[in-house]
Amino acid sequence: DLSIVVAMFVFRPALYTIAAKSRIGLRNMSSATTTEAERKEAAAMRSGEGAKRNCGLPAVELDVGEQKYVLIKVGDELLVRGNVNADYHKDAAASTVNKLRSAGTDYTILGGGRIVYNNKENTMKIYGFSYGFPWRGSPQHEDAAAVIRTAIPGISITCSNDGY
């Protein structure tokens, strides 16, 4: 049903940008581009406690192109947030976190990575990690992919834990 898909997916058109990618074998915090102060800010954003457990927000908000993304747990729901203009993963999360905090809704940012979304070919690659929101345990890119597949039926998604 199209009305359900529209309610679950917000599309923000953006120019596709090509950025140089560096491969990092070990996740060495000394090579992070995120400063200590930015990691502390991200840590403060990581979870919020309130009375509400259901957020009523779209499950997926992504741009076209390469972007930083975060996976947010709200009660039993998962939200995927990406933004091509985000310098840091906290920037991709900020708008949704502010809405959840304002509503007094419990949430946890589970982790982050990158998404490359090609809407013309209906393909997506989900990969990498976030220094600001490191995964606790294994990356959950497949969980993010499942949420996205519900919001964008027929999309072809590949996941990898490699890269930054």
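Side chains are part of it too, since the values below use all heavy atoms of this structure and drop only hydrogens, waters and symmetry mates.
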Quick one, Y117 and V84 - any side-chain contact, counting heavy atoms below 4.5 Å? no
Under a 3.5 Å distance rule, please check whether Q67 uses its side chain to pair with a backbone N or O of G65 as donor and acceptor. yes
Mark yes or no for whether H89, through its side chain, and G113, through its backbone, hold a donor-acceptor pair below 3.5 Å. yes
Checking the side chain of D106 only, and the main-chain atoms of G75 only, is there a donor and an acceptor separated by less than 3.5 Å? no
Compare every heavy atom of I109 with every heavy atom of A93, then report the nearest pair and how far apart it is. CB-CD1, 3.8 Å
So L100 and V74, side chain to side chain contact (heavy atoms under 4.5 Å, CB included) or not? Walk me through it. CA-CA 9 Å; L100 293 169; V74 182; 3.9 Å; yes
Would a distance-only check, ignoring hydrogens and angles, find a side-chain to backbone donor-acceptor pair under 3.5 Å from N119 to V64? no
Taking the ring of F129 and the ring of Y131, is the distance between their centroids below 6.0 Å? yes
Taking only residues two or more places apart in sequence or in another chain, which ones pass salt bridge (Lys or Arg N to Asp or Glu O under 4.0 Å) with E36? R39
With a 4.5 Å heavy-atom cut-off, do V70 and T96 have their side chains touching? no
Hey, can you tell me if W135 and H141 have their rings parallel, tilted or perpendicular (30° and 60° cut-offs)? perpendicular
Using the rule given for side chain to side chain contact (heavy atoms under 4.5 Å, CB included), can you reason through I126 versus T158, listing the C-alpha separation, both sets of side-chain angles and the distance that settles it, and then say yes or no? CA-CA 6 Å; I126 304 174; T158 59; over 6 Å; no
Kindly indicate, with the supporting measurements, whether the criterion side chain to side chain contact (heavy atoms under 4.5 Å, CB included) is fulfilled by M124 and I115. CA-CA 7 Å; M124 192 174 290; I115 290 178; 3.5 Å; yes
Dump the intermediate steps for side chain to side chain contact (heavy atoms under 4.5 Å, CB included) on V60 and V147, then the final yes or no. CA-CA 7 Å; V60 175; V147 173; 3.7 Å; yes
Is the side chain of N98 donor-acceptor paired with the backbone N or O of S95 at a distance under 3.5 Å, no angle test? no
To the nearest 0.5 angstrom, please state how far the CZ atom of R114 sits from the OH atom of Y127. 5.5 Å
Y107 and side-chain hydrogen bond (donor to acceptor under 3.5 Å, both in side chains): which single residue from R101, K99, E77, K73 fits? R101
The criterion is salt bridge (Lys or Arg N to Asp or Glu O under 4.0 Å); which residues satisfy it with K68, sequence neighbours excluded? none
Using the salt bridge (Lys or Arg N to Asp or Glu O under 4.0 Å) rule, collect all pairs that involve residues 139-151, keeping only residues at least two apart or in two chains. none
OH-OG distance between Y88 and S130, expressed to the nearest 0.5 angstrom: 11.5 Å
List the atom of D91, the atom of A86, and the distance in Å for their closest heavy-atom pair. CB-CB, 3.8 Å
Value rounded to 0.5 Å, distance of OG1 in T123 from CD1 in I155: 6.5 Å
Rounded to the nearest 0.5 Å, what separates atom CZ in R136 from atom CG in L110? 9.0 Å
Interatomic spacing from CD1 in I157 to CD1 in I148 - rounded to 0.5 Å: 5.0 Å
To the nearest 0.5 angstrom, please state how far the CG atom of N83 sits from the CD atom of E61. 10.0 Å
Exam field: side chain N118 to backbone E121, donor-acceptor pair closer than 3.5 Å: yes
